[in-house]
Amino acid sequence: MTGGRRDVVVVGAGIVGAAVAWRAARAGLTVTVLDPTPGRGATHAAAGMLAPAAEAWFGEEDATRVGLAGLAAWPAFATDLATDLAAGTGARSPGPGLRDGGSLLVAYDVGDLAEVRRLVALHDGHGLGSVELTVADTRRSEPLLGPRVSGAARIAPDRSADPRATVAALLAALAAEPRAVVVRSTATRVLIQGGRAAGIVDDTGAEHPGGAVVLAAGWRTPELVTDLPVPVPVRPVRGQTVRLDAAPGGAPAHVVRGLVQGRPVYVVPRAPRPDGTCEVVVGATSDEGPDDGRPTAGGTFALLRDARALLPALDEAAVVDQTSRARPGTPDNLPLVGPTGVPGLLLATGHHRNGILLAPVTAEAVVALLTGAPPSDALRVADPRRFDPSSPDLTLRSRP
Ligand code: GLY
């Protein structure tokens with residue numbers, strides 16, 4: 001129903017925008033979602049680690065707290081999505097593929113082991129309960145680890161999900177939802193009427209009117225606000241992943257977050273298929289800059305070199321996909337979720353390395369703002385106005 005006024009217009013149908021739109025429609029709002037290629041941005045590259053501990057870093061306590069809230073929101077999100085799918089709103093989708101089982105933080109050499117011990121101490125400070133394992137216990141728990149591995153820690157709360165399957169499930173749910181419409185066009189600017197956001201104009205010149213606008217266009221979000229006094233300090237951080245197809249018995253049982261001579265790598269297995277074969281995602285490179293969608297030889301080489309150093313059995317797996325996309329990074333590594341200085345204009349971007357982890361909690365927070373429900377405290381630190389010099393609330397500003 002392009003052209004009809006909706007309660008909300010969402011720009012971007014990656015996992016974040018699609019989750020916002022689905023939760024909004026479930027809350028009774030009418031929604032238009034615009035995306036020329038739904039689900040094909042950063043979500044398409046992501047491995048799906050739901051790993052606030054494995055991604056925790058020194059000095060980033062707020063980010064870790066937000067990540068833990070993101071992890072806590074995932075089970076209800078997956079259950080609600082599965083309920084919608086089972087109710088016939090997309091029965092052909094396999095669902096989000098949420099898996100428990102924790103992850104292993106694996107050290108290749110003794111220098112990496114020293115780093116793993118520092119990370120276990122960091123996790124202790126957050127009460128995350130990561131536990132260092134002996135080499136024998138490491139091998140018992142993950143027999144495919146290679147002989148050179150020097151130690152590991154178990155991170156019990158971590159989970160994983162399948163980002164491509166999740167966004168497919170969300171799009172299936174949206175397609176079956178009478179209150180939602182997904183329009184395959186490219187948003188170019190925010191329509192402003194009477195000083196507030198009143199919809200979106202797309203690249204054909206068509207207007208998509210709405211009572212509120214949510215920008216969830218990842219690293220491209222700043223392009224939508226160039227004519228507005230809305231700071232969106234998001235930059236592209238390119239990441240490449242490689243997908244492997246392992247024969248029965250050829251995939252690790254756990255998510256493996258590794259350090260190989262100081263270089264981070266992760267290996268995320270999906271649930272094995274009925275025939276025992278298994279998709280395994282290896283990720284991810286990280287370099288500053290925009291993305292042309294073309295994986296590089298060096299990126300693929302580096303990922304496979306480090307993954308096979310930890311898990312030599314991966315040598316036997318077929319390489320089935322290489323994907324390069326850009327993550328939306330922010331100056332303080334926290335997302336931008338919430339209102340802006342323009343009434344009716346909200347942001348849901350800047351999730352950097354944690355878009356999959358934070359999609360459910362972001363959708364809850366945005367829908368609470370749209371419906372006037374009490375906002376959750378979890379994403380208060382993600383208020384986009386912390387970067388707005390005209391914001392009257394100094395407590396929202398980013399710390400130096
Ligand atoms: N969450 C992992 C990554 O962005 O590479």
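Just so you know, these numbers use all the heavy atoms, side chains as well, and skip hydrogens, waters and symmetry mates. For ligands, and for the atoms within them, numbers begin at 1 and follow the listed sequence.
If you number the atoms of ligand 1 from 1 as listed, the ones under 4.0 Å from a heavy atom of Glu55 come out as 1 (N), 2 (C). Of all the atoms in ligand 1, the ones that sit under 4.0 Å from a non-hydrogen atom of Ala284 are 5 (O).
For atom 4 (O) of ligand 1, the closest heavy atom belonging to the protein is Arg327 NE, 2.8 Å. Nearest protein neighbour of atom 1 (N) of ligand 1, counting heavy atoms only, is Arg353 O, 2.6 Å. Here the protein heavy atom with the shortest distance to atom 3 (C) of ligand 1 is Tyr266 OH, 3.1 Å.
In this structure the side chain of Leu310 reaches within 4.5 angstrom of the side chain of Val260, judged on heavy atoms. Residues Arg353 and Arg327 have side chains in contact (heavy-atom distance under 4.5 Å, counting atoms from C-beta outward). Looking at heavy atoms from C-beta onward, Met49 lies in side-chain contact with Tyr266 at the 4.5 angstrom threshold.
Of the heavy atoms in His352, none comes closer than 4.0 Å to ligand 1.
Between the side chain of Asp202 and the backbone N or O of Ala206 there is at least one donor-acceptor pair closer than 3.5 Å.
Tested against Val234, the residues Thr221, Leu336, Leu347 include a single side chain to side chain contact (heavy atoms under 4.5 Å, CB included) partner, Leu336.
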